[in-house]
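Encoded as structure tokens, the structure appears first; notes follow it.
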Amino acid sequence: MLNNTQIRQCLDTMAEMFPDAEGELVHSNPFELVIAVLLSAQCTDKLVNKVTADLFKKYKTPEDYLAVPLEEVENDIRSIGLYRSKAKNIQKLCRTLIDNYNGEVPQTKEELVKLAGVGRKTANVVASIAFNEPSIAVDTHVERVSKRLGICRWKDSVVEVENTLMRKVPREEWSVTHHRMIFFGRYHCKARNPNCPECPLLELCREGKKRMKKIG
DNA sequence: CTCCCGATAT
DNA sequence: ATATCAGGAG
């Protein structure tokens, strides 16, 4: 496990590597953000942006998604994986927004997770980006990077990873740290072929050193 | 735990 | 061919 000084070093290094780390899902309001993040499950944000470019021109409000049959929404998001459940969740979510929230996106995580297709990670992202609530959404990258570096344990659940990060990282750095860890995981500490040979954190990385021995 | 699932990189 | 991608529901 890394100590506090080592974790600080990780955060600073990631800040140097990715000073402009930000969310990459294109959106122009909280409603579009919720749809985009919902669509992004098990899918690259690049592909989500390709689909939402047309989607957000066609559907502006929750009413718009409910005005067409489910099959039409499915077709409009077909190129994204898991399109049947996502289309169903979108219509369900829109129905809830109209019935319970006056057509607006609720602003707290507790309300957000009640929406169809919105789990803990999506709620954290929306609360953080759209409503400025400090949060650390643990996605596949944040989880992988935290475990490889030794910020948390391999067997930790995503909730445990989230709690550990919130304890170890100052609150005012939660949101930016979340984005930097994603960039670090997406472009450097990749799932498939992590760039350990050129990693500035190699000396303190448990998994990196183990991997370097294998490579030679 | 399994299932949902197309696009992309390796 | 196969692993992986800003996960969530049942």
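Every chain is numbered from 1 and lettered A, B, ... according to where its sequence line falls, protein lines coming before strand lines. The structure presented is a predicted model; accordingly, all values stated were derived computationally and were not measured.
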Which of B/dT10, C/dT4, C/dA6 is nearest the side chain of A/A191? It is C/dT4
Which of C/dG10, B/dA7, C/dG7 is nearest the side chain of A/S79? It is B/dA7
Choosing from B/dA7, C/dA6, C/dG7, which nucleotide comes nearest the side chain of A/L47? B/dA7
Hey, is the side chain of A/S85 poking within less than 4.0 Å of OP1 or OP2 on C/dG8, counting only N and O atoms? no
Let me know, please, whether A/A116 or A/G23 comes out on the 5' side of the other along DNA chain C by nearest nucleotide. A/G23
For B/dC5 versus C/dG10, give the span between their P atoms, rounded off to a whole number of Å. 13 Å
Taking the side chain of A/H178 as heavy atoms from C-beta outward, which of C/dG8, C/dA6, B/dC5 is closest to it? C/dA6
Salt bridge flag under 4.0 Å for residues A/E143 and A/R148: no
Can you figure out which of C/dG10, C/dA6, B/dA9 approaches the side chain of A/R192 most closely? B/dA9
Report yes or no: is the cationic atom of A/R180 (NZ for Lys, CZ for Arg) closer than 6.0 Å to the six-membered ring centre of A/F183, at no more than 45° off its axis? no
Under 6.0 Å from the CZ atom of A/R153, do we count more than 12 heavy atoms belonging to anything else shown? no
Hey, is CD on A/E198 packed in by over 12 heavy atoms from elsewhere, all under 6.0 Å? no
Starting from the 5' end of DNA chain B, give me the residue, A/Y83 or A/K190, whose nearest nucleotide shows up first. A/Y83
Taking B/dT10 as the reference, what is the distance to C/dA6 when you measure between their P atoms (whole Å, please)? 13 Å
Per A/N89 side chain, nearest of listed nucleotides C/dA6, C/dA9, C/dG7: C/dA9
Please classify the nucleic acid contact of A/G119 as base, sugar-phosphate, or nothing, using heavy-atom distances under 4.0 Å. sugar-phosphate
